[in-house]
Amino acid sequence: MTKTKMLRPRALALACATLLAASAAHAGGEVEVLHWWTSGGEAKAAAQLKLMMQKKGDTWKDFAVAGGGGDAAMTVLKSRVVSGNPPTAAQIKGPSIQEWAQEGVLTNLDDVAGPEHWDSLLPSVVSNIMKYQGHYVAVPVNVHRVNWLWANPEAFKKAGATVPTTWDQFFVAADKLKKAGIIPLAHGGQPWQDFTVFEDVVLGVGGADFYQKAMVKLDQGALTSPTMEKVLTTYKRVHSYIDKNAPGRDWNLATAMLIKGEAGMQLMGDWAKGEWVAAGKVPGKDVVCVAAPGSAKDFTFNVDSFAMFKIKNPANEQAQRDLASSIMSPEFQELFNLYKGSIPVRLGMNMDKFDACAKQSSRDFVADSKSGTLVPSIAHGMAVPAAVSGAIQDAVSQFWNTDSMSVKTAMANIAAAAKAN
Ligand code: GAL
């Protein structure tokens with residue numbers, strides 16, 4: 001006789017009720033998640049979150065809006081929220097989290113964050129960004145380092161060039177690559193990519209203090225200084241080492257040029273490493289990672305995060321809590337970041353499974369937080385509100401793409417963009 005058959009009627013009724021309750025708890029809800037992770041490496045990373053949610057009994061409704069850097073995704077998000085139909089969660093970063101919270105559309109996550117001790121699991125530079133008026137409204141996924149230079153060692157060998165650590169060395173290497181018939185710098189000509197290269201040059205030429213003054217405080221003195229003039233001159237010189245097909249190219253296609261050895265270098269955040277991993281290559285061996293020229297002692301951070309919206313359906317609200325909790329779990333933080341190219345944002349994680357570049361990033365993140373050389377990426381929405389960075393990005397990108405524009409004009413345009421917004 002089975003155990004069930006031995007149960008008395010009352011006990012049986014109780015067992016059934018418990019079973020029903022348990023299945024209701026696992027019936028799950030739906031999470032609709034807006035993100036822009038559509039490249040090979042990004043999609044693999046995002047799939048880990050979907051799997052984790054499905055294991056919890058929740059349904060994942062993918063709301064992917066293609067376009068590196070997320071400009072297109074943010075436009076779509078605005079129209080959804082304005083029409084009163086926000087997704088459960090959206091990839092929103094930096095000061096934009098505060099702007100959305102001010103609109104009153106984000107939900108308070110303290111009931112998850114408190115019991116799970118997020119305050120002690122996150123660096124304060126990150127938890128501060130995730131909170132609005134002291135309450136968690138967003139959950140962080142990772143830490144990307146933006147100031148990286150990726151080099152193809154085979155291409156460098158062929159060209160007899162050395163991987164550069166200063167801007168002077170960068171131009172020497174670029175000339176050698178060019179002579180060997182290799183495109184020196186793989187670049188995708190989209191405004192956010194032009195801006196990513198620009199912030200690397202600001203940091204490498206000006207240093208972390210100058211970067212803080214110019215790109216975070218938007219100090220007019222710094223923005224119109226001789227240092228900025230040098231930054232812009234260097235930046236424009238970099239432009240002469242990209243290929244003529246760069247305009248409009250997606251960043252991951254530029255990374256593919258590097259993987260194939262058609263190009264020698266790429267200046268890009270470590271999501272580029274996700275593409276190498278997806279192609280079965282070993283970071284640190286098949287691709288060399290060094291800090292962008294002149295910035296070995298600095299770290300431009302870009303923390304991806306999901307802001308959670310106020311939603312009405314209680315089952316979906318529970319699923320939203322599951323999502324927040326899953327993102328902060330050590331299992332997710334490890335798995336996701338192994339695919340994404342970034343490092344876990346959760347403190348005290350074991351880095352054994354990570355590659356050499358991630359290990360370096362992790363060490364540098366800690367060291368740079370202590371030395372005051374950890375700076376927020378302006379090109380990736382971490383430094384200033386979106387309207388300001390958008391205006392500066394336009395001015396920078398226009399300079400990059402206009403042969404006839406002088407450094408003086410560009411400097412005036414950038415300073416004006418920073419002032420007007
Ligand atoms: C960044 C984002 C990264 C990566 C990149 C390219 O802004 O933080 O996670 O996806 O865009 O799409």
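Keep in mind that the numbers below use all heavy atoms, side chains included, and drop hydrogens, waters and symmetry copies. Every value quoted in this text rests on a predicted model; they were computed, and no experiment measured them. Each ligand, and each atom within it, is numbered from 1 in the order the structure gives.
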Carefully, step by step, assess Trp167 and Phe170 under the rule ring pair (Phe, Tyr, Trp, His ring centres under 6.0 Å).
-> CA-CA 5 Å; Trp167 283 108; Phe170 174 91; 5.0 Å; yes
Give the numbers and elements of all ligand 1 atoms closer than 4.0 Å to a heavy atom of Trp251.
-> 6 (C), 12 (O)
Could you tell me whether Arg237 sits above the aromatic face of Phe171, with NZ or CZ closer than 6.0 angstrom to the six-membered ring centre and within 45 degrees of the axis?
-> yes
Audit row: Trp37, Phe306, ring pair (Phe, Tyr, Trp, His ring centres under 6.0 Å) steps and yes/no = CA-CA 13 Å; Trp37 291 329; Phe306 284 101; 5.6 Å; yes
Atom 2 (C) of ligand 1 sits nearest the protein heavy atom Asp304 OD1, 3.4 Å
For the residue pair Phe195 and Phe198, does the interplanar ring angle fall in the parallel (under 30°), tilted (30 to 60°) or perpendicular (over 60°) class?
-> parallel
With the threshold set at 4.0 Å, does a side-chain nitrogen-carboxylate oxygen contact exist between Lys408 and Glu229?
-> yes
What is the closest protein heavy atom to atom 3 (C) of ligand 1, and at what distance does it sit?
-> Lys340 NZ, 3.5 Å
Hey, does Gln91 come in under 3.5 Å of ligand 1, counting only N/O atoms on both sides?
-> no
N/O to N/O below 3.5 Å, does that happen between Gly69 and ligand 1?
-> yes
Considering heavy atoms of the protein only, find what lies nearest to atom 4 (C) of ligand 1 and give residue, atom and distance to 0.1 Å.
-> Glu42 OE2, 3.3 Å
How close does the nearest protein non-hydrogen atom get to atom 1 (C) of ligand 1, and which residue and atom is it?
-> His380 ND1, 3.4 Å
Could you tell me which non-hydrogen atom of Gly284 sits nearest to which non-hydrogen atom of Cys357, and how far apart they are?
-> N-SG, 3.8 Å
Sub-3.5 Å N/O-N/O distance, Trp271 and ligand 1 | no
